[in-house]
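Working notes for the structure below.
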Amino acid sequence: MSQQAHHPHQAAEPETPNLDFAGTTPYEDYVKADVLTHLQHTLSDDPGEMVFLVTTQVMELWFTVIVHEWETAAHALRSDDVPTALAALKRSVRELEALNASWKPLGQLTPAQFNAYRGALGEGSGFQSAMYRRLEFLLGEKSASMLVPHQGVPRVHAELEKALHEPSLYDEALRLLARRGHPIPDSVLHRDVSARYEPSDAVEAAWTAVYAGDESDELARLGEALTDVAELVWRWRNDHLVATRRAMGAKPGTGGSAGVAWLEKRARKNVFPELWTARSHV
């Protein structure tokens, strides 16, 4: 009897993947990994600077994804397509969790460790991030003055100016509530969307009515999806505050910001405020 007969079910050797390509690999063509992994140019001799730089770049990539999701959700709400909006918001929740985890490599920096390369930042500061500014604009945190740092880069400035004058994600949610019969005041529906959103008693009452009804209703599920987003944004701001406080205490921040004092003020603000206050009345 042959050897093969003793092993009738012997597994075939796995096929060798294609390793020979005329140019770059299809993976490289799609992901642009070579570009991404050669964007790190440290400015100090401290080995810890690489972690800071890469983590910051990863945050920028997550900002980009989250802005895409929230713009998708806003456009869907404008078209009364709540399922598409909910799907985008739910994806953004997982992405926000990943974004927030980016603080882990930086969250326990000591002042000495941060000072080893802080000078390399010069006047650089996170509040100068154009993509993060677009993220904040989508949350309703509008401010024309935040376009000023980007006036030297026309494309970026134009994108931010467009975002400044577009309704925020929350504006679109409130307009949807109005189309579904909830009494949202004209002062809210036709407000200057380039200005920061301010809470409204009438909007609070509308969300109270939504939450007093069927929990499986589309609007109730939208409210909870927005609340999930708001909670994780609040956690992001607090993690930023704690990491900064550990690394530099109460010293002024880079780029002329007030550092911890400015972050503390930001951390106290609720995103989508009436979604939080309405809960006291249900």
Side-chain angles (χ1 to χ4, degrees), residues 66-67 69-101 135-143 166-193 195-242 263-282:
I66 293 165
V67 164
E69 301 288 21
W70 292 352
E71 287 180 343
T72 298
H75 294 156
L77 291 175
R78 195 176 305 150
S79 304
D80 289 285
D81 184 359
V82 179
T84 295
L86 286 172
L89 291 172
K90 288 177 180 177
R91 287 193 302 269
S92 81
V93 165
R94 295 189 290 271
E95 293 148 9
L96 281 162
E97 289 171 342
L99 169 65
N100 291 359
L135 185 149
E136 289 277 9
F137 282 2
L138 278 162
L139 294 173
E141 290 291 327
K142 301 286 189 74
S143 173
E166 288 180 336
S168 71
L169 174 60
Y170 196 50
D171 287 322
E172 295 293 3
L174 298 183
R175 292 175 182 186
L176 176 68
L177 259 64
R179 293 195 298 274
R180 296 289 177 92
H182 291 273
I184 306 297
D186 285 344
S187 60
V188 173
L189 296 175
H190 304 295
R191 74 182 191 89
D192 177 4
V193 296
R196 181 177 287 108
Y197 178 81
E198 297 297 337
S200 158
D201 290 343
V203 170
E204 179 185 273
W207 282 120
T208 300
V210 168
Y211 275 103
D214 182 358
E215 286 190 345
S216 65
D217 179 75
E218 264 190 347
L219 294 182
R221 288 187 286 122
L222 174 62
E224 283 302 274
L226 290 170
T227 303
D228 288 340
V229 165
E231 178 181 336
L232 286 165
V233 170
W234 177 81
R235 292 184 185 280
W236 157 266
R237 292 174 176 173
N238 275 273
D239 286 350
H240 188 181
L241 168 63
V242 172
L263 293 173
E264 285 176 336
K265 181 179 178 181
R266 299 288 297 145
R268 287 195 295 269
K269 286 184 68 79
N270 278 329
V271 177
F272 314 146
E274 297 94 344
L275 278 168
W276 298 98
T277 56
R279 295 164 194 272
S280 301
H281 308 292
V282 177

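Side-chain atoms are counted along with the backbone in the values below, which use heavy atoms only and exclude waters and symmetry mates. FYI, the numbering just counts along the sequence from 1.
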> So which heavy atom on S92 is nearest to which on E69, and how close?
Replying inline: CB-CB, 3.9 Å

> Can you list the steps and then say if L99 with L96 is a side chain to side chain contact (heavy atoms under 4.5 Å, CB included)?
Replying inline: CA-CA 5 Å; L99 169 65; L96 281 162; 4.1 Å; yes

>> Show, in sequence, the C-alpha distance, side-chain angles and deciding distance for L275 and N270, and conclude whether the side chain to side chain contact (heavy atoms under 4.5 Å, CB included) test is met.
In response: CA-CA 9 Å; L275 278 168; N270 278 329; over 6 Å; no

>> Testing the basics here: between A230 and W276, what is the closest heavy-atom pair and its distance to 0.1 Å?
In response: CB-NE1, 3.8 Å

> Taking only residues two or more places apart in sequence or in another chain, which ones pass side-chain hydrogen bond (donor to acceptor under 3.5 Å, both in side chains) with D214?
Replying inline: S216

> Is any side-chain heavy atom of L89 closer than 4.5 Å to a side-chain heavy atom of V229?
Replying inline: yes

> If you round to the nearest 0.5 Å, how far is CZ of R175 from CD1 of I184?
Replying inline: 12.0 Å

> Who are the salt bridge (Lys or Arg N to Asp or Glu O under 4.0 Å) partners of E231, not counting sequence neighbours?
Replying inline: R235

> Applying salt bridge (Lys or Arg N to Asp or Glu O under 4.0 Å), which residue pairs with at least one partner in residues 195-210 are found, sequence neighbours left out?
Replying inline: E141-R196

>> Suppose we screen for side-chain contact (heavy atoms from CB on, under 4.5 Å). Which residues come up paired with A202, at least two apart in sequence or across chains?
In response: P185, S200

>> Return the CD1 to CZ distance between I66 and R91, rounded to the nearest 0.5 Å.
In response: 12.5 Å

>> Restricting to side-chain hydrogen bond (donor to acceptor under 3.5 Å, both in side chains), what partner residues turn up for N238, sequence neighbours left out?
In response: none

> Given L219 and H182, is the side chain to side chain contact (heavy atoms under 4.5 Å, CB included) satisfied, shown in steps?
Replying inline: CA-CA 11 Å; L219 294 182; H182 291 273; 3.8 Å; yes

> Given the rule in the salt bridge (Lys or Arg N to Asp or Glu O under 4.0 Å) test, do D171 and R191 qualify, once you have shown the distances and angles that lead to the verdict?
Replying inline: CA-CA 9 Å; D171 287 322; R191 74 182 191 89; 2.9 Å; yes

>> Can you list everything that forms a side-chain contact (heavy atoms from CB on, under 4.5 Å) with V282? Sequence neighbours excluded, please.
In response: T208, Y211

>> Given Y170, which partner from the list L77, V271, V203, L138 fulfils the side chain to side chain contact (heavy atoms under 4.5 Å, CB included) test?
In response: V203

> Residues two or more places apart in sequence or in another chain: which of them pass salt bridge (Lys or Arg N to Asp or Glu O under 4.0 Å) with E224?
Replying inline: R279

> Listed by chain and number, what are the side-chain contact (heavy atoms from CB on, under 4.5 Å) partners of R221, not counting sequence neighbours?
Replying inline: L86, E218

>> Assess the residue pair V82 and R180 against the criterion (side chain to side chain contact (heavy atoms under 4.5 Å, CB included)); give the C-alpha distance rounded to whole Å, side-chain angles, the decisive distance to 0.1 Å, and a yes or no.
In response: CA-CA 12 Å; V82 179; R180 296 289 177 92; 3.7 Å; yes

> Between the side chain of K142 and the main-chain N/O of V193, is any donor-acceptor distance below 3.5 Å?
Replying inline: yes

>> Applying salt bridge (Lys or Arg N to Asp or Glu O under 4.0 Å), can you list everything that pairs with R94, at least two apart in sequence or on another chain?
In response: none

>> According to ring pair (Phe, Tyr, Trp, His ring centres under 6.0 Å), does anything in residues 74-95 pair up with another residue at least two apart or in another chain? List the pairs.
In response: none

>> Minimum heavy-atom separation for S168 and F137, please, with both atom names.
In response: CB-O, 3.6 Å

> Hey, does the side chain of N100 reach the backbone of L232 with a donor-acceptor pair shorter than 3.5 angstrom?
Replying inline: yes

> Does a side-chain heavy-atom distance below 4.5 Å link L222 with V210?
Replying inline: no

>> Run the salt bridge (Lys or Arg N to Asp or Glu O under 4.0 Å) test against R237 and tell me which residues pass, sequence neighbours left out.
In response: E136

> Nearest heavy-atom pair of A173 and L226: which atoms, and what distance?
Replying inline: CB-CD1, 3.8 Å

>> Strictly by salt bridge (Lys or Arg N to Asp or Glu O under 4.0 Å), give each pair with a member in residues 70-82 just once, sequence neighbours left out.
In response: E71-R134, R78-E172, D80-R179

> Going from CH2 on W234 to CG on D239, what distance comes out if it is rounded to the nearest 0.5 angstrom?
Replying inline: 9.0 Å

